[in-house]
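These notes are about the structure you will find just below.
Just so we're on the same page: letters track the sequence lines, and every chain starts at 1.
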2 protein chains.
Amino acid sequence: MRAEQKERTRLALIAEARRLFAERGYADVGLTEITAAAGVTKGALYHQFDGKAALFRAVLESVHQEVGGHVAAAAEAEADLWTGFAAGCQAFLTASTDPTRRRILLVDGPAVLGWAEWRAFDEAASAFHLEEAVAGLMRAGLLPERPTAPLTRLLSGAMNEAALWLASEPSALDDTRRALTELLESLRCR
Amino acid sequence: MRAEQKERTRLALIAEARRLFAERGYADVGLTEITAAAGVTKGALYHQFDGKAALFRAVLESVHQEVGGHVAAAAEAEADLWTGFAAGCQAFLTASTDPTRRRILLVDGPAVLGWAEWRAFDEAASAFHLEEAVAGLMRAGLLPERPTAPLTRLLSGAMNEAALWLASEPSALDDTRRALTELLESLRCR
DNA sequence: CTATTTCGCATACCGACGGTATGTCAATTG
DNA sequence: CAATTGACATACCGTCGGTATGCGAAATAG
């Protein structure tokens with residue numbers, strides 16, 4: 001079938017683009033290199049995507065879905081609401097630190113798509129879980145009742161930055177996980 | 001004097017580049033437009049800087065210095081150690097939200113220079129104050145004794161993200177300032 | 001089983017961009 | 001005042017993202 005062939009090309013382009021973007025960054029990778037790695041030509045790329053930014057968007061989407069999946073899985077594996085929340089945060093930290101995701105997700109993402117669009121993706125994936133969790137914890141009396149959005153942004157940013165930092169200081173992993181746990185605990189209602 | 005002329009050209013290029021980068025982002029502004037706005041040609045630019053990225057580096061440096069100055073001024077205006085810390089954080093939030101700084105500092109900065117180099121700039125300016133403050137608060141017994149670096153990164157990231165978010169939700173300013181204050185207070189030793 | 005259409009993709013090409021090599025002229029210096 | 005420096009302009013190059021067009025195989029109709 002032709003549709004299968006089309007999908008194969010799409011997936012190959014996304015996979016190779018993701019690999020190269022993760023290694024060297026969006027700006028330093030040309031379409032020629034991506035298409036060559038995927039075994040097609042620029043014509044194929046422009047048949048599948050609206051341009052370089054659109055290809056990046058597709059890559060970012062796959063990254064976001066993976067991260068969101070890890071976060072949700074870790075959170076749901078815990079019975080307790082608070083424990084699930086903490087586990088989700090740690091899972092987010094781990095998933096975002098992964099070198100196949102970090103740069104695409106946290107560095108190039110906002111710059112290429114603009115922060116507003118990047119945030120829309122973030123919201124649809126991992127940040128959605130985070131804000132839902134925050135809201136749930138407030139309802140359960142585990143966090144003080146406040147507007148959820150600002151706290152969610154603060155927490156999201158803290159974890160994003162920590163993930164980037166861990167890339168350059170991998171030995172600080174344990175300390176960082178502890179610091180994150182303590183930060184969350186300090187917010188908890190007693 | 002010739003040196004004065006050189007400095008004038010440098011400053012004009014930095015000023016115009018900053019304005020344009022802040023408005024439309026690094027990738028969408030060509031050197032032709034920058035040099036035209038500064039009243040010189042590309043030759044002058046390449047005489048002063050090693051390239052587009054080097055010009056951006058100079059721009060980022062000026063932004064960082066401004067932010068660092070605001071943070072330090074706000075912190076030193078308070079007599080109390082903790083109050084100065086909190087004021088510095090709020091000042092950082094305000095200074096980073098400014099549209100002439102936000103995009104350059106928080107979005108394009110990491111993408112253009114790479115996160116590692118961006119962080120070196122951050123460290124030299126505002127993050128230095130932050131980590132010093134955290135260390136001082138631990139010595140004074142106002143924060144639990146822990147490794148300073150992870151907590152500093154978490155706080156820095158939280159404020160960065162909040163600043164970006166405020167750009168799209170300016171009405172949330174008060175809520176966000178409160179949320180930041182409460183976050184800091186919750187960390188404080190009692 | 002051919003004729004025709006469809007569509008995934010390759011090829012060839014364009015304008016614009018970042019970057020470089022070279023030229024020029026005023027300010028400095030001895 | 002001759003020689004030199006250096007701040008800058010001009011002209012040019014290679015490469016990139018993007019577009020227009022054509023081809024050939026698979027799907028579909030008669």
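Set against D/dC8, C/dC7, C/dT11, the side chain of B/Thr9 has D/dC8 as its closest nucleotide.
One can place CZ of A/Phe21 at 8 Å from P of D/dG17, the figure rounded to the nearest angstrom. Between A/Glu33 atom CD and D/dT15 atom P the separation is 14 Å, expressed in whole Å. Spacing between atom NE2 of A/His47 and atom C1' of D/dC23 amounts to 14 Å, rounded to whole angstrom units. Whole-Å rounding puts the B/Arg10 CZ to D/dC8 P distance at 11 Å. Between B/Gln48 atom CD and D/dG6 atom C1' there is a gap of 11 Å when expressed in whole angstrom units. The interatomic distance linking A/Arg57 (CZ) with D/dG17 (P) rounds to 16 Å, in whole Å. Put simply, CG on A/Asp28 is 13 Å from C1' on D/dT15, counting in whole angstrom units. In this structure, A/Leu13 places its CG atom 11 Å from C1' of C/dC9, rounding to the nearest Å.
A salt bridge does not link A/Glu185 to A/Arg190: none of the charged nitrogens lies less than 4.0 Å from a carboxylate oxygen. Using a 4.0 Å cut-off between charged side-chain N and carboxylate O, A/Glu117 and A/Arg57 make a salt bridge. Using a 4.0 Å cut-off between a side-chain N of Lys or Arg and a carboxylate O of Asp or Glu, B/Arg119 and B/Asp122 do not qualify as a salt bridge. With respect to B/Glu182 and B/Arg177, no salt bridge is recorded, no charged nitrogen being found less than 4.0 Å from a carboxylate O.
Taken to the nearest 0.5 Å, the CG atom of A/Asp98 stands 8.0 Å off from the CZ atom of A/Arg102.
Aromatic ring centroids of A/Phe121 and A/Trp118 lie 6.0 Å or more apart.
Considering every non-hydrogen atom in both A/Leu151 and A/Leu187, the closest pair reads CD1-CD1, 4.2 Å.
At its two ends the helix from C/dC1-D/dG30 to C/dG30-D/dC1 runs along axes set 0° apart, each axis drawn from five pairs and the angle rounded to 10°.
A/Trp165 pairs by the side chain to side chain donor-acceptor pair (under 3.5 Å) definition with nothing, not counting sequence neighbours.
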Mind listing the N/O atom pairs, protein and nucleotides 15-19 of chain C, below 3.5 Å?
| unit_1 | atom_1 | unit_2 | atom_2 | d |
| --- | --- | --- | --- | --- |
| C/dG18 | OP1 | B/Val29 | O | 3.4 |
| C/dG18 | OP1 | B/Lys52 | NZ | 2.9 |
| C/dG18 | OP2 | B/Leu31 | N | 2.8 |
| C/dG18 | N7 | B/Lys42 | NZ | 3.3 |
| C/dG19 | OP2 | B/Tyr46 | OH | 2.7 |
| C/dG19 | OP2 | B/Lys52 | N | 2.9 |
| C/dG19 | O5' | B/Tyr46 | OH | 3.1 |
| C/dG19 | N7 | B/Lys42 | NZ | 2.8 |
| C/dG19 | O6 | B/Lys42 | NZ | 2.2 |

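Cation-pi check for A/Arg188 over A/Trp82 is met; the charged atom lies under 6.0 angstrom from the ring centroid and within 45 degrees of its normal.
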